[in-house]
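Below: the structure, in structure tokens.
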Amino acid sequence: MQALKEQFTADLAAAKTADAIEQVRIKYLGKKGSITNLAKNTDFHSLSIEEKKAFGSKLNELKNFAEQALAAAKEAAANAAPAKKTTGLDLTLPGTGRTLGSLHPITLIQMELESIFQGMGFTVVPSPECELEFYNFDAVNIPSDHPAREMQDTYWLKNQMLMRTHTSANQVRAMQKLGVPLRAIFPGRCFRNEAVDPSHENTFYQCEGLVVDKNISVANLIAVMKTLLSQIFHYEATVRLRQGFFPFVEPGFELDFQCQLCHGEGCSTCHGTGWLELIPCGLIHPRVLEHAGVDPNEYSGFAFGVGLTRLAMMKFGIPDIRLLNAGDVRFNTQFPTFV
Ligand code: DAH
């Protein structure tokens, strides 16, 4: 009995699943089980009453022990955690977030400007970065002996073309292509061969705008500029015009914007003047209209050149122009993904 008990205990310890435990039960306590058979195989005739009694109670003890051990093992097997399936998928792990790209501050400003101008009935016109000398200079009244040509250090290409130095280069193209009356903007990249420092870049963005119609006056120009600035800065813009000189406008102006940080009081951003020089503009010079085949006696118009790069720096408080072209993700990802 003792040997059987030890063997049973070892078998049960090795049985880890409910099925295996059941096999152990059958092996020892089943109809032909070795504990069950113990009574059958014993020759009781040779035993005394006392011995029979002792045998019977030992056998019962063994049966009880085996039954209890089996029940405990079954319960333990049922409670044990189910075997892990190895699918490699752990639903309790935190998810991996996806990083979306963000929009470049120039893109953000450009999109905002386009939508503001579209709201005022302007068309957004694509324009080439690589230009003919004629459109960049002659067509906008900058003949070859004009000093303004030297002021704009031009990148010349081998084929007599150039990298446009301003988006004004598209004025005559746009009028030729689309005809008049016209309300259009052409945002884009411009290039000047300049030494790069915190406030100068050789590659920067402008947004040129043009309105040509009958009876266009400076009042129309001011109204459009005020609408633009009020919408960009979410602030009722106060503007003023100062005389400015550009060969393609007559009269020409520098449109100043009252500093929204100090409300005209004077602060470090506006260098104590209360005003920020913002948008050069003017009434289109008759010679520019003529270059486009538009009769200056019939039509007039205004033009303006918004410095997109400068505007982005003002709006987002960017201290160094070189950050805009550096492609540094630490900078680029500080701007919104959506507008
Ligand atoms: N093209 C000029 C520049 O790059 C900016 C400019 C001045 C554009 C006056 C205009 C304007 O349309 O009327 O400096």
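Read the numbers this way: they start at 1 and go in the same order the structure lists the ligands and their atoms. Any value given below was found using the heavy atoms of this structure, including those in side chains, with hydrogens, waters and symmetry copies removed.
- Note: no N/O pair closer than 3.5 Å links T165 and ligand 1 by distance alone.
- Of the heavy atoms in F246, only side-chain atoms (C-beta onward) come closer than 4.0 Å to ligand 1.
- Under 4.0 Å from ligand 1, heavy atoms of P280 appear from its side chain as well as its backbone.
- Those atoms of ligand 1 with a heavy atom of V249 less than 4.0 angstrom away are 13 (O).
- Heavy atoms of F248 found under 4.0 angstrom from ligand 1 belong exclusively to the side chain.
- Inclusion of G209 in the set of residues having an N or O under 3.5 Å from an N or O of ligand 1 is not warranted.
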Report task. Quick one: do F248 and F304 satisfy ring-ring contact (aromatic ring centres under 6.0 Å, His included)? Show the steps, please. Result -> CA-CA 10 Å; F248 32 90; F304 53 90; over 10 Å; no
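- Counting only heavy atoms from C-beta outward, the side chains of T167 and V306 never approach each other to under 4.5 Å.
- Annotation: side-chain hydrogen bond (donor to acceptor under 3.5 Å, both in side chains) contacts of E254 (sequence neighbours excluded): none.
- Taking the six-membered ring where the residue is Trp, F8 and Y28 present perpendicular rings, their angle passing 60° and hence far from 30°.
- Using a 4.0 Å cut-off to heavy atoms of G305, the atoms of ligand 1 that qualify are 8 (C), 10 (C), 12 (O).
- Residues I318 and F335 have side chains in contact (heavy-atom distance under 4.5 Å, counting atoms from C-beta outward).
- Shown in contact with Q171 at under 4.0 Å from a heavy atom are these atoms of ligand 1, numbered in order with element: 12 (O).
- Contact annotation: the side chain of E114 approaches that of P187 to within less than 4.5 Å [non-hydrogen atoms, C-beta and beyond].
- Contacts between E250 and ligand 1, counted as non-hydrogen atom pairs separated by less than 4.0 Å, are absent for every part of the residue.
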